[in-house]
Each structure stands twice: as structure tokens, then as C-alpha cells.
Amino acid sequence: MSGERSTASGDAWNTMTPAQKSLETDAYRLAYLSDAPVNWCPGLGTILANEEVTADGRSDIGNYPVFRRNMRQWTMRISLFSDRLLEDLERLDWPEPIKLMQRNWIGRSEGARVTFSSSAGAINVFTTRPDTLFGATFIVLSPEHPLVEALSTTEQHESVTTYIAQASTTTDTDRQDDSRAKTGVFTGSFAVNPVTNQPIPIWIADYVLMGYGTGAIMAVPSGDQRDFEFARQFHLPIVATQMPADAWFDAHHIAPSNDCATWPSAFVGEGTYVNSANDSLSLNGQRSISDAKSLMNPWLSDRNLGEATVTYRLRDWLFSRQRYWGEPFPIVYDEDGLAHDIPESMLPVLLPELADFSPQSLDPMDGTSDPVPPLARVTDWVTTTLDLGDGPRTYRREVNVMPQWAGSCWYELRYLDPTNTQFFVDPEVEKYWMGPSSAGHTGGVDLYVGGVEHAVLHLLYARFWHKVLHDLGHVSSEEPFHRLFNQGYIQAYAYRDDRGQTVPAEEVKEQDGSFFYADEKVHREYGKMGKSLKNIVTPDEMYDEYGADTFRLYEMAMGPLEASRPWNTRDVVGMQRFLQRLWRNVIDEDTGLLAVSQDAAPEMLLRQLHKCISGVAADMEALRFNTAISKLIELNNDLTQFVNSGHHAPVGVITPMAQMLSPLCPHLAEEIWALLGHSTSITFEPFPVADPHLLASETIEIPVQINGKVRSRIVVAVGMSRDDLLAAAMADDKVTAAIGSATPTKTIVVVGKLVNFVL
RNA sequence: GCCGGCGUGGCCCAAUUGGCAGAGGCACCAGGUUUAGGACCUGGGUGUUGUGGGUUCGAGUCCCACCGCCGGCACCA
């Protein structure tokens, strides 16, 4: 392959104007200027990426309304990576739910593009069910579809215009309310169904979205519930192409019939094909969808009427923001408006210093306002004179900035080599830390702990970015984060007033089981701690009152890392008490001096220590910090009893304790370490190793059950054989009393665990 | 509506993965002590493991159905 390609227009490259050339190359760029519908959020004063807009059409941050507007903006061609982003999920050690969320967001859908002819030219539709084409009895276009105007007949023009206007003011929330009745209007024109050659009416309706597929569908009411509802609503023909199984008819309490007039709903599933034949193609009698598709698709492509194709839900990434805080684009425009990238020697482009960098304040509800980036106000920065190779000329700087995600797409790489002035990361350094560990391994950071809320934001963007860097040869790894661990949410009570507004949770007072905010009664709910619910407890408050070690310990101890769990400030004190007990075991509070003993610890305490080491080591490995902490508290409680009975804490116990505690409460552990006389940081000390001899005990208590209920316990030697264990159990008084004269029908002996007699 | 996660003492949570329901923290109770009245010491476990079935000698754990809470997606052709 030479890499040569023809231009989109077919013109020869050297005959094209700079503007035409720029347009041509932009079609291949990963970052390109696009004039397309964007998400305009006046409440934030900026546009947003699709991923930053919630399902009900509001901003992910701040919960402001978002409006669809056409604007010229920088866009990243992430959609080009759809398949790789999807496939490589298989190779990642990530929680299944996150993978699923990314799969859903990418939304790969296999189907076919089918061409219908019409008076206004070809109409392309996307369908996942080309096998049902014989049942396509009408076409539905999105109200925003470019052919709508040309297809509207004179008689229908007025109702079409009215409908379009109405659809444009319908909010996304209303449009997605599936309990809403189907709406739509007839355009007056007809298209030809390519397999039946029959004219079918062309309608417009807002249940067809311009942003997905081609913005046009072939409606098969017998096989699609939405199309079915629409056909019933507007009395359009419904033709069955598959005969449902008898069970389907039974479930709907109707007699089997391929006359859809009696059907209560569309049929989706495998069924024998009917009514699906023309002179050169017959699906009749076929039983599987995939077989029918494999007959239909070649028939269509042989006649240039369609082809198998793949559609994605993932759209390109809207990359401009109208804010001050963000990386400026290294782009300037010449007097013709053409974009030029700033050469490496002139990088980085720095933000100008501003006294006022606040975003413009706009009415959050006014979708007609325009975004004005703060940088546009800095006229002497915007206009600049540069020599880009053809002498000093005046240029206009790009005034949009990059979104916050731009930096989080590669910070993990920069962390590897933060002082390097030649490369963003030295290739050897990247290879060492993040390179693939074996053939087929994706590479990436070994463990990444983060919240689920980044599932289709940061975690998708960073993967895309990393693949671009990989393709360009800058990194050896194919993925940024090989293993992902999702910590749970911290949850807390939140309160709303009668208008549905959240009120600051810390100012709410409880009285007789009801809750009040400034004398107004409010309603309690429960959810993720965060700004939107105004139920945040800031770490700063915790540091002030309890210190960072206590705060850290509490957060780790309150439950499994991956579980969401409620914050409870009054529980925090427990961790502080633990640290204080530990401190008093090491330090004489009256003198402030170290009070540890060089004497060997008694065997009992040593055994407890090594049991603790063994357990904590395993817990740490599995990220079970909550159980690790409980084991350390247990050991410290044992130590407390020893100290309170007139001893000093043995240094042989305190030293490994400090080492184990260092990752959990680093400040206190470091302090103890220094007091023990060490001159280097505890951070670099190894984790203690348990002594197997001190872990093994000589005897063990075994429960003895009669019919599965514990009736006695016997103490036996560790490793006692099956026969001896059974004999020991039968010799127990309580057991013989319980069995009496009966003969056990069955005896279960699990060595080292239990004995069970079934009577 | 669909998908995922979770339901264990008053509360947050453990339970060696099918084997004695209880490790740790909060709260509570009793006693002790004190310069300690939200930070001391000692002792105390308060239960139909969400509900109903099933498998098993044995179920918090596995299977089925349902209920509740949390999160995600939702006219995606």
C-alpha cells in the first residue's frame, strides 16, 4: 500500500485551494473542526460532550438544562476507535459492570443500510433486521432529516412545518417518556420498498432520532413495538413477516394467525418467515433470523440497494470548552480563517494572566444565548504576530480551551517521568512501569482505583488517548489502566424542601422525627455524598477535628472498599480512640517519652502478633482494608491488656505493628518509628513476615453436631485423623447422652472441622 | 421497563467460600478510675441472616420466586 488516496471531490490535489485542501485533510484528522449540533449549557456557560449530559438532558455537573445547538467546535475522532475500544475491553481486568457500561455507550449494532427511492432521491435507512424488509410498510424520518423539506407536498407542507416546530421545542425528557403516545405527520410523499416494489408512505416522527443511524428508519410494525404502536395510532398497514410460535399466541390469549389485525403487539423473536418473497428472493419457510439475513443481505448488495453495515452509538468527542481553566489549543487562524498548528518550538501556549477569568453568567434556561469564552475578552492575547515559516504575519488565537478530561487522559504517563524536559515520558521509563508484562498483555498501570462515575467519561477518553499515543509509537502499552478497582460511594442523608430543592444537610435540625431547615419542614432522602445533594462532609473538617490518620482509617474501616456505605460522623471517634490507645501503649503520657521494653514478648502475645501479621498481609493483598484494620485493633486490644497489667509494650511487637500500620495511618506510624530510634522513613520498610511456628497451634476445638445442631465441642490435637476424631467425639459425655440408644444412620467427619451424627 | 450491586444484633460491618452466626467500630447497659461529662479501664451480644420455597447430614453462603434499597441505561431502528 502506497498510502495514496483520492480526494473526496475527485479533484487533483495540486489544483485545490488552501481552503479545499484543508477541508480534505481535516476529514482524516483526529482533531477536527466540526459544524454540528452541540450540547449548549448556558447555566455553565460552556458546551459539553455527550458523555457529560445525563439521560434527561441536563449537565452532569450542576444539573442545568442543556440545549441542542449547531456550532463550530473542535472534535476528537474517537468514533474511529469504536471497535478497538470495544474489543480490548476483553483483555482488561476491570469490573464487569464498567465494561458493560462502556459496551452500551459504544453501542455497536450490526445491521444493514437499505436504500429506498423517493421523489426527493435515495433515502438511506439503517436497520438491524433487514430480514423483515418485506414487512416494511412505511418510512419514518426524524423531523430534523435533511430530505424532509423536499419530501413535503404542498397539501402537507403546513402540518409538516407545524410538527417540526413542535418537535424542536419538545424537551429531551418529554421525548424520552415512553408512556407518551406516538406523534408524527405524513409528508405526502411515498418511497418504494425495494423488495416488494410497492409504494409506502413517508412520515416524520420524533421517535426517530437524527443523531443515531441515518436519522431514518424503515418501519416494520409487525416486528418492532415502536413501529407497531405508530401504525396502530395512524392506521398504517401491518404485515406479518414471521409467524410467532403457538406459545406466543397462547400467552396473548389469541388464536394463531398471521393476520396482524388481531395481534396485541409486535412479535420479536425467531419465527417461520411468511409473506417474504418476490420474483428473485424468497425467505418464506426460513426459521432463523441469521439465515434470513444471510439471504437478504447479498440480494440487496448485488442490486446496489443496500449492504451489511455496523452502526455505533458512540459519537465523536466534543472537545471545546468556553472556560478559562483548561489547556489552550495550540492553534491560530489566518486572515482566511484557516487553522494552523503552532510549531513545537513555540510550545507550550500558556493561558494569559487575567484579573477576571470568571465565565459569563447567563440565564440557565435561555438556550438562545451564545457562548463567549473568557479568553475572547483578552484582545491583546487573541491577536498575535508569528512567523510560521512564511514571515511574520498576524494571526488570531483559538479562544476555546480543552475540557478537564484532556489532562486526565495522560497524567498517569507523566507521573512516570515528571521532570523529563525532552519527552512527556521517556520510552524506556514507560516500558518499565507500564509495558506489557507478556505477549498479548495490554500493559498499563497495575492497579487503578477510581469511581464508577468515570465509566464513560475519563475511563473512555483516556483509553482513546492512550491508543492514539500507542499508534504514534510513544508508548508500548495499549491501554492506560490494566486493572481497575471501583471503590464504592460514600453516601449520606440529604434533604429537600417542598419545591424539590436540596438544602445544606449540615444545617438541617431534627425535631420529633421530622426535619427542619430554617424553620421549614424538609424531606429526608439518601444518596451519594456530593455537591448536588448538598450533603458533603469535607475532609478538611475531619482533619481539623480528628486528624488525617483517623479520617483515613475510618474511611477504610467502615466497610469493603468496593461497597457504597453511609457516612456517619459520630462513628469516626472509634478510630481515634484506637490510635490513642496505641499511642498510650508506646508513650508515657505524663513524660511524653517512649515507654517500650526490650524484653521478649510473652508467647501468647507473640502468637497473636504473628496471627495478625499473617491475616493483615492477606487482607492487604486483596484490598480488604476494613478487615485488616479490625485485626490490628484486635492486636492492640491484646497489647493494651498486657500494658495495663503492669508491663511495657515489647519493642518486638511495636516494631512490626508500626510497619503494618504505616499504609493505613502513615503519620502516627512514622512518628512511632522515629521514636523507636530509626533515622530513615518507615515508608521504605518491608512488610513484616509471619513466623509459621508461631501460627500453628497444638490443639483445636471441634464442634460435634447431632442432626446438624451443635451439641458439644471437643478439644483435640491438630491433625488428628478421621478415626481418632470420630472416637473422641463418641467418647464425649454430651454426645453419648444425646445419641442415647439410637444408632447413627450416617456419620460425617470433616478432619479439622467437625463431626456430625445423623440419627 | 431492562441491566448490575447489596439486604446479618439499634447502626456500620466480619464469617477461613457449604461446617460452632460474631472479628472490629459506634450506640447501649453495669462496674471501676480520673485532671477526663463527645476521646480512660474492665465486663456485657441485645438475632426468625429481607420474605417464601428448594437442594443437602448441614445453608448467611448454592438454586428458584418475590420484596426493599442503591447505581447505570432507557423510543438506539
Side-chain angles (χ1 to χ4, degrees), chain A residues 54-56 95-98 100-101 104-105 107 109 111 125-129 132 140 142 175-180 182 205-209 211-220 223-227 229-230 311-313 452-453 455-456 486 488-489 491 526-528 545-546 550 553-554 557-560 562-581 584 589 615 618 624 626-634 636-637 640-641 644 701-713 744-748 750 752-759:
Chain A
T54 61
D56 39 77
E96 244 354 273
I98 294 277
L100 189 64
M101 283 162 75
N104 288 342
W105 189 259
S109 180
V125 306
F126 173 73
T127 177
T128 54
R129 294 293 303 276
T132 62
V140 187
S142 158
R175 246 176 111 146
Q176 285 169 3
D177 177 6
D178 37 359
S179 65
R180 196 174 64 116
K182 293 277 178 292
D206 63 7
Y207 81 92
V208 177
L209 311 173
Y212 184 78
T214 61
I217 62 161
M218 61 177 220
V220 184
D224 181 286
Q225 187 59 25
R226 291 154 307 161
D227 297 345
E229 286 167 20
F230 193 83
T311 293
Y312 301 88
R313 201 183 96 110
V452 223
E453 65 272 21
V456 292
N486 290 128
Y489 290 131
Q491 299 172 315
Y526 180 65
K528 180 172 78 169
E545 197 150 354
Y546 299 99
T550 297
L553 218 43
Y554 170 66
M558 63 198 288
E562 70 276 16
S564 291
R565 45 213 195 269
W567 179 268
N568 210 338
T569 302
R570 57 165 211 265
D571 287 353
V572 176
V573 70
M575 290 304 118
Q576 194 177 38
R577 286 176 188 155
F578 160 51
L579 293 181
Q580 287 174 331
R581 271 200 302 276
R584 281 193 302 268
E589 279 205 299
R624 290 189 302 253
N626 54 327
T627 49
I629 290 167
S630 84
K631 289 179 176 80
L632 284 158
I633 292 176
E634 211 178 343
N636 188 55
N637 289 347
T640 302
Q641 295 216 342
N644 286 347
E701 194 185 71
I702 299 280
V704 183
Q705 300 179 339
I706 311 290
N707 291 334
K709 300 267 187 274
V710 178
R711 285 296 151 79
S712 183
R713 297 161 216 279
T745 55
K746 195 168 182 180
T747 305
I748 293 108
V750 184
K753 293 278 190 189
L754 61 51
V755 179
N756 184 19
F757 297 104
V758 183
L759 300 181

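A note on names: the letters A, B, ... follow the listed sequences, proteins ahead of strands, and every chain is numbered from 1. Computed from a prediction, not measured in an experiment: that's the story for all the values here. Any value given below was found using the heavy atoms of this structure, including those in side chains, with hydrogens, waters and symmetry copies removed.
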A.B. asks: Expressed in angstrom and rounded to an integer, what is the separation of A/I217 atom CD1 from B/rC76 atom C1'?
C.D. replies: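 Atom-to-atom, A/I217 to B/rC76, this comes out as 11 Å.
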A.B. asks: Identify all side-chain donor-acceptor contacts of residues 568-577 of chain A below 3.5 Å with residues at least two apart in sequence or on another chain.
C.D. replies:
unit_1 : atom_1 : unit_2 : atom_2 : d
A/T569 : OG1    : A/W567 : NE1    : 2.7

A.B. asks: Is B/rU16 in the syn or the anti form, by the rule that syn lies within 90° of 0?
C.D. replies: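 The base of B/rU16 is oriented anti (glycosidic angle more than 90° from 0).
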A.B. asks: Contact class for A/L754 vs. all strands (heavy atom < 4.0 Å): base, sugar-phosphate, or nothing?
C.D. replies: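 Contact class for A/L754: base.
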A.B. asks: What's the CE-C1' distance between A/M218 and B/rA77, to the nearest Å?
C.D. replies: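 Atom CE in A/M218 sits about 9 Å away from atom C1' in B/rA77.
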A.B. asks: Name all residues meeting the side-chain contact (heavy atoms from CB on, under 4.5 Å) criterion together with A/E545; count only those two or more places apart in sequence or in a different chain, and write none if there are none.
C.D. replies: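 Residues passing side-chain contact (heavy atoms from CB on, under 4.5 Å) with A/E545: none at all.
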A.B. asks: For B/rC73, does OP1 or OP2 lie under 4.0 Å from any side-chain N or O of A/R313?
C.D. replies: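 No, no such contact exists.
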A.B. asks: May I have the distance from A/I98 (atom CD1) to B/rG5 (atom C1'), rounded to whole angstrom?
C.D. replies: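 Distance check: A/I98 CD1 to B/rG5 C1' gives 12 Å.
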A.B. asks: So A/Y546, base contact, sugar-phosphate only, or nothing? Heavy-atom distance under 4.0 Å.
C.D. replies: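 It contacts base atoms.
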A.B. asks: Could you measure between the two C1' atoms, the one in B/rU48 and the one in B/rG52, and give it in whole Å?
C.D. replies: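 It works out to 13 Å between them.
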A.B. asks: A/N486 has an atom CG; how far is it from atom C1' of B/rG4, in whole Å?
C.D. replies: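 Result: 12 Å.
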A.B. asks: Let me know the distance between CG of A/D206 and P of B/rA77, rounded to the nearest Å.
C.D. replies: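 Result: 18 Å.
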A.B. asks: Please measure how far the P atom in B/rG47 lies from the corresponding atom in B/rC66, and state the result in whole Å.
C.D. replies: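 Those two atoms are separated by 31 Å.
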A.B. asks: Going by side-chain contact (heavy atoms from CB on, under 4.5 Å), name the residues that satisfy it together with A/P95, two or more places apart in sequence or in a different chain.
C.D. replies: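 With sequence neighbours excluded, A/P95 shows a side-chain contact (heavy atoms from CB on, under 4.5 Å) to A/P97, A/I98, A/L484, A/N486, given in chain and number order.
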A.B. asks: Name the pairs: protein N/O against N/O of nucleotides 56-59 of chain B, kept only if under 3.5 Å.
C.D. replies:
unit_1 : atom_1 : unit_2 : atom_2 : d
B/rC57 : OP1    : A/K746 : NZ     : 3.3
B/rC57 : O2     : A/N756 : ND2    : 2.3

A.B. asks: With nearest nucleotide decided by heavy atoms, which residue, A/D224 or A/Y554, maps closer to the 5′ end of RNA chain B?
C.D. replies: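 Comparing both residues, the 5'-ward one is A/Y554.
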A.B. asks: So, for A/F230 and A/A205, which heavy atoms are closest and what is the spacing to 0.1 Å?
C.D. replies: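 Scanning both residues, the minimum pair turns out to be CE1-CB, 3.6 Å.
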A.B. asks: Base contacts versus sugar-phosphate-only contacts with protein, heavy atoms under 4.0 Å: please encode nucleotides 24-34 of chain B as B, S and - from 5' to 3'.
C.D. replies: SBSS-------
A.B. asks: Which base sits across from B/rA65 as a Watson-Crick or G-U pair, both distances under 3.5 Å?
C.D. replies: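 Checking every strand shown, B/rA65 finds its partner in B/rU51, with both distances under 3.5 Å.
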A.B. asks: Could you work out the separation of B/rG43 and B/rU8 based on their C1' atoms and round it to a whole Å?
C.D. replies: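 Roughly 25 Å separates the two C1' atoms.
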A.B. asks: So, using ring pair (Phe, Tyr, Trp, His ring centres under 6.0 Å) as the criterion, who are the partners of A/F757 when residues are at least two apart?
C.D. replies: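 None.
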A.B. asks: Could you write nucleotides 67-72 of chain B as a row of B, S and -, 5' to 3', where a protein heavy atom under 4.0 Å of any base atom gives B, of only sugar-phosphate atoms gives S, and otherwise -?
C.D. replies: ---S-S
A.B. asks: Whole Å only: how far is the CD atom of A/E229 from the P atom of B/rG1?
C.D. replies: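 The distance from CD of A/E229 to P of B/rG1 comes to 15 Å, rounded to the nearest Å.
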A.B. asks: Partner lookup for B/rU35, please. Criteria are Watson-Crick or G-U wobble with both distances under 3.5 angstrom; report none if nothing qualifies.
C.D. replies: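 In the structure as shown, B/rU35 has no Watson-Crick or wobble partner.
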A.B. asks: Calculate the interatomic distance between A/N104 atom CG and B/rC76 atom P; express it in whole Å.
C.D. replies: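 After rounding, the gap between these two atoms is 13 Å.
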A.B. asks: Once salt bridge (charged side-chain N to carboxylate O under 4.0 Å, His left out) is applied, do any residues pair with A/D224, and if so which ones, sequence neighbours excluded?
C.D. replies: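 Scan of A/D224 (salt bridge (charged side-chain N to carboxylate O under 4.0 Å, His left out), adjacent residues dropped) gives A/R226.
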A.B. asks: In the structure I gave you, are the side-chain heavy atoms of A/T640 and A/R584 within less than 4.5 Å of one another anywhere?
C.D. replies: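 Sidechains of A/R584 and A/T640: no contact.
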A.B. asks: List for me each residue that meets side-chain contact (heavy atoms from CB on, under 4.5 Å) alongside A/R565, sequence neighbours excluded, and say none if there are none.
C.D. replies: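 Residues passing side-chain contact (heavy atoms from CB on, under 4.5 Å) with A/R565: A/M558.
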A.B. asks: Rounding to an integer number of angstrom, what distance separates B/rG24 and B/rG37 when you compare their P atoms?
C.D. replies: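 Nearest-Å result for B/rG24 against B/rG37 at atom P: 27 Å.
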A.B. asks: Among residues at least two apart in sequence or on other chains, which ones pass side chain to side chain donor-acceptor pair (under 3.5 Å) with A/T747?
C.D. replies: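 With sequence neighbours excluded, A/T747 shows a side chain to side chain donor-acceptor pair (under 3.5 Å) to no residue whatsoever.
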A.B. asks: I'd like to check the salt bridge (charged side-chain N to carboxylate O under 4.0 Å, His left out) partners of A/R129; sequence neighbours left out, ordered by chain and number.
C.D. replies: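 If we apply the salt bridge (charged side-chain N to carboxylate O under 4.0 Å, His left out) test to A/R129, skipping adjacent residues, the hits are A/D131.
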A.B. asks: Start at the 5' end of RNA chain B and walk down; is the nucleotide closest to A/T627 or to A/S109 reached first?
C.D. replies: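 Taking each residue's closest nucleotide, the earlier one in sequence belongs to A/T627.
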A.B. asks: In whole angstrom, give the distance that lies between atom CG of A/L579 and atom C1' of B/rA39.
C.D. replies: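 The distance from CG of A/L579 to C1' of B/rA39 comes to 11 Å, rounded to the nearest Å.
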A.B. asks: Would you say the side chain of A/Y212 lies within less than 4.5 Å of the side chain of A/I217, judging by non-hydrogen atoms?
C.D. replies: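 Of all side-chain heavy-atom pairs linking A/Y212 with A/I217, none is under 4.5 Å.
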A.B. asks: With both distances kept under 3.5 Å, what pairs with B/rG10, Watson-Crick or G-U wobble?
C.D. replies: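 When the pairing criteria are applied, B/rC26 turns out to be the nucleotide that pairs with B/rG10.
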A.B. asks: At under 4.0 Å between heavy atoms, what does A/Q225 touch on the DNA or RNA strands: base, sugar-phosphate, or nothing?
C.D. replies: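 Nothing, no heavy atom under 4.0 Å.
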A.B. asks: List for me each residue that meets side-chain contact (heavy atoms from CB on, under 4.5 Å) alongside A/V750, sequence neighbours excluded, and say none if there are none.
C.D. replies: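 Result, side-chain contact (heavy atoms from CB on, under 4.5 Å) vs A/V750: A/I748, A/K753, A/L754.
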A.B. asks: Taking only N and O in the side chain of A/R584, is any of them less than 4.0 Å away from OP1 or OP2 of B/rC41?
C.D. replies: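 The answer is yes; a side-chain N or O of A/R584 sits under 4.0 Å from OP1 or OP2.
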A.B. asks: Considering non-hydrogen atoms only, spot the tightest contact between A/G215 and A/V208 and give its length.
C.D. replies: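 Here A/G215 and A/V208 meet closest at O-CG1, 3.5 Å.
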